[in-house]
Amino acid sequence: MKHTLPIFNWSLRRLLDAEPDSLKKARISIIFTILIFSLIKGAVALPGAFYAGQDLQLFRIILLLGIFSVLLKFLLAHRKYAANIGMILIWVGLFLTWSNAFVTAQTINIATIQVVVMIILSSFYLVNWRWALIYSFLGILPVSILLIVGEEVRLVKIDPNQLASPFYEIVVVLNFLTIVIAHFLYYQALNRSVSEKEALNLQLQQAVKEANMAVQSKADFLSTMSHELRTPLNSVIGMTQLLLNSPYTEEQSENLKIVNFSAMNLHMLINDILDFNKMESDKLSLEAIPVDLYRLVNNICLGMRFQAEEKGLELNVTIDERLKDQQVITDPTRLTQIIHNLLGNAIKFTHSGSVSIALDVLEAVDDSITINFSITDTGIGINIEQQALIFEAFMQASSSTTRNFGGTGLGLAIVKRLLGLFGSDVQVKSSEGQGSEFYFDISFSLSGPDKEVPETDSKMQYDISSLRVLVVEDNPINSLLLKKILSNWNNLPVFTLNGYEAIEEVERNEYDVILMDIHMPLLDGYATARIIREMTDVSKASIPIIALTASVSNDLYNKIKSVGMNDYINKPFNSDDLYRKLKNIGSRTHDVLVEIPG
Ligand code: ADP
């Protein structure tokens, strides 16, 4: 705020208007009050000293009148002088106290005590507390000296060199008035400042509330949009995969692969945005289940080998032998996501040579193990400046990256945040043109040897054609997709559109398994599952229910379990996954294991 005052400003109001801070305003008013009262006191004392012929007093009064007038002019000229003028006033007060005590009155009189009190309060109101203590001490010192060494202490005494009555009394009364007004001004300013801060606090709270609501609505919008986008995309992916399994010409096959590749990329991008959104609103937490790291990493690499080989790259996997048949407690989905992202980048940014992943056991104590994960490539590399940026959301090493390689710059930001949940952090070693290494350490709790049942012989297949499947799904495309996938195994499911229809159907007929969408109108998947679990007929109440869901967070997983659902299948439906889960249920329900000849 810039306020220019006239050169000969005499208005306190104008000066105060130029000062926004209420405590500083109070300081200016206090200094102004002290100066005005001092000038009045000088004007009162001047004739008194003159008629009494007190030359020393007269000289002192004229000197002080001069000083106070100059200070007043400076104060009114600009608020920036206020602090220095306050300091000078305190020094003048000290001069008065010391000269009163040892030169003019040579005793402790009421006026001296008043000046000491004014020094103390002005010091605390006008300067900082350290100087205030020093000035207070300097003010009290002459009084203390006189009390200790003075011949006799005459508290209210009019000395020859002291002002004559009634001038002395007027000065004393004006001193009292100065003290009262200074206190009053400071108290008022303090009150105003507290209420201003309270009002500001309220505004701040309101602003924080609105900002939080804006963040929440952004998160909700993103989440809803991503879900809405995923539903049709799931159908595109599902249908493309179905088409890929049926006869087609070479050209059609190429086209379908492109559609599939693009749809999968779009799907991954939407998942990334959803994940990032969840991380931003701290909604992401880790699952803790036994995982065979050896198998997990090999499986991830199996999936990515094709991608690497298509680019003519070698994919090396080195896993510490000590991890064989060893299970650790961790979140396989999130760990897969981390490795998938880093390995995916390594393949993407490498034109020739190899990409490698290595897992080394750094430390293994009784029930915990620390593993170093390292993903190396012989690709384009990243220079030092870029290394500092790439872990930020939506940041790529250079503006040409998107043009040449695609991507959004979210992958590494997600990796970094996910690793934070694992209590770790990702590091990078790289130089341009020389390849890169991304590495991190994670400590896991051990869960004992892998007791998983060995995979069934691939020649053995379950016949699930006779499995009585009830599908509860409101989206016609998803229903069509499920119908087509299930028809591959000669299974004819029954379809219902919402929870109420499903409950009627379960009451009317016998089913072996229910595939239940979570988000449905009228009665959603959770409520429907709960009602089925509460049915009096035990065989109906215990029908296995598999949730159909677009995303599984810990929250969702716990909710699925809490309403008594047995399992879930992610959309877009992976037919192998669906087959495996139906097979498990089939093997429990009927003895349907058959051997496929050949
Ligand atoms: P995206 O891959 O979608 O661009 P990321 O967050 O995964 O986003 O990566 C950010 C940037 O870091 C990339 O755009 C790329 O410039 C750089 N980068 C990541 N991994 C590598 C790698 N292995 N080699 C070279 N550059 C990389």
Side-chain angles (χ1 to χ4, degrees), residues 222 226 229 233 261-280 284 297 300-301 303-318 333-359 372-422 424-441:
L222 263 177
S226 308
L229 287 173
L233 195 60
F261 179 76
S262 308
M264 291 301 273
N265 268 350
L266 193 55
H267 188 250
M268 248 159 62
L269 172 65
I270 293 171
N271 282 351
D272 275 357
I273 293 176
L274 261 183
D275 274 349
F276 192 74
N277 202 26
K278 270 188 224 150
M279 287 176 206
E280 287 279 274
L284 208 80
V297 174
I300 299 171
C301 294
M304 305 207 77
R305 193 169 290 282
F306 173 69
Q307 226 175 307
E309 278 169 4
E310 260 196 337
K311 285 187 80 176
L313 303 173
E314 212 178 294
L315 174 59
N316 306 312
V317 187
T318 320
T333 318
R334 297 304 171 190
L335 198 58
T336 304
Q337 200 175 358
I338 293 168
I339 298 173
H340 202 274
N341 260 318
L342 293 177
L343 215 49
N345 274 350
I347 296 172
K348 183 158 89 170
F349 295 107
T350 305
H351 297 303
S352 62
S354 63
V355 297
S356 314
I357 175 165
L359 267 69
N372 171 264
F373 294 75
S374 152
I375 291 98
T376 330
D377 64 64
T378 56
I380 60 170
I382 314 156
N383 68 33
I384 291 282
E385 295 91 66
Q386 292 165 344
Q387 284 174 30
L389 297 174
I390 53 174
F391 296 102
E392 299 287 319
F394 304 107
M395 278 288 184
Q396 297 188 314
S398 84
S399 52
S400 60
T401 308
T402 317
R403 212 168 42 246
N404 296 329
F405 301 95
T408 53
L410 264 182
L412 287 181
I414 291 176
V415 165
K416 192 170 173 67
R417 280 162 203 240
L418 282 178
L419 277 173
L421 296 178
F422 282 93
S424 178
D425 196 10
V426 59
Q427 313 284 332
V428 59
K429 265 193 235 154
S430 179
S431 51
E432 225 164 344
Q434 304 289 307
S436 315
E437 181 188 1
F438 287 83
Y439 58 97
F440 55 89
D441 300 341

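Start at 1 and go down the list; that is how both ligands and their atoms are numbered.
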message: Are the side chains of S356 and T318 in contact, using a 4.5 Å heavy-atom criterion?
response: no
field: Contact check, side chains of F438 and I338, non-hydrogen atoms, under 4.5 Å
entry: no
message: Test of understanding: with salt bridge (Lys or Arg N to Asp or Glu O under 4.0 Å), list the residues that count as partners of E432, not counting sequence neighbours.
response: none
- prompt: Can you find an N or O of I380 that's nearer than 3.5 Å to an N or O of ligand 1?
  reply: no
statement: Within the 4.0 Å heavy-atom cut-off, what F438 brings close to ligand 1 is side chain
task: For F422, enumerate each residue passing the ring-ring contact (aromatic ring centres under 6.0 Å, His included) test, keeping only those at least two apart in sequence or located in another chain.
output: none
message: Ignoring hydrogens, what is the shortest heavy-atom contact between T378 and G353? Give both atom names and the distance.
response: OG1-CA, 3.4 Å
task: Work out whether the distance between some heavy atom of G379 and some atom of ligand 1 is less than 4.0 Å.
output: no
query: Can you list the ligand 1 atoms lying under 4.0 Å from a non-hydrogen atom of L410?
result: 6 (O), 8 (O)
query: Can you list the ligand 1 atoms lying under 4.0 Å from a non-hydrogen atom of K348?
result: 1 (P), 2 (O), 3 (O)
message: If the cut-off is 4.0 Å to any non-hydrogen atom of L412, which atoms of ligand 1 fall inside it?
response: 5 (P), 6 (O), 7 (O), 9 (O), 10 (C), 12 (O), 19 (C)
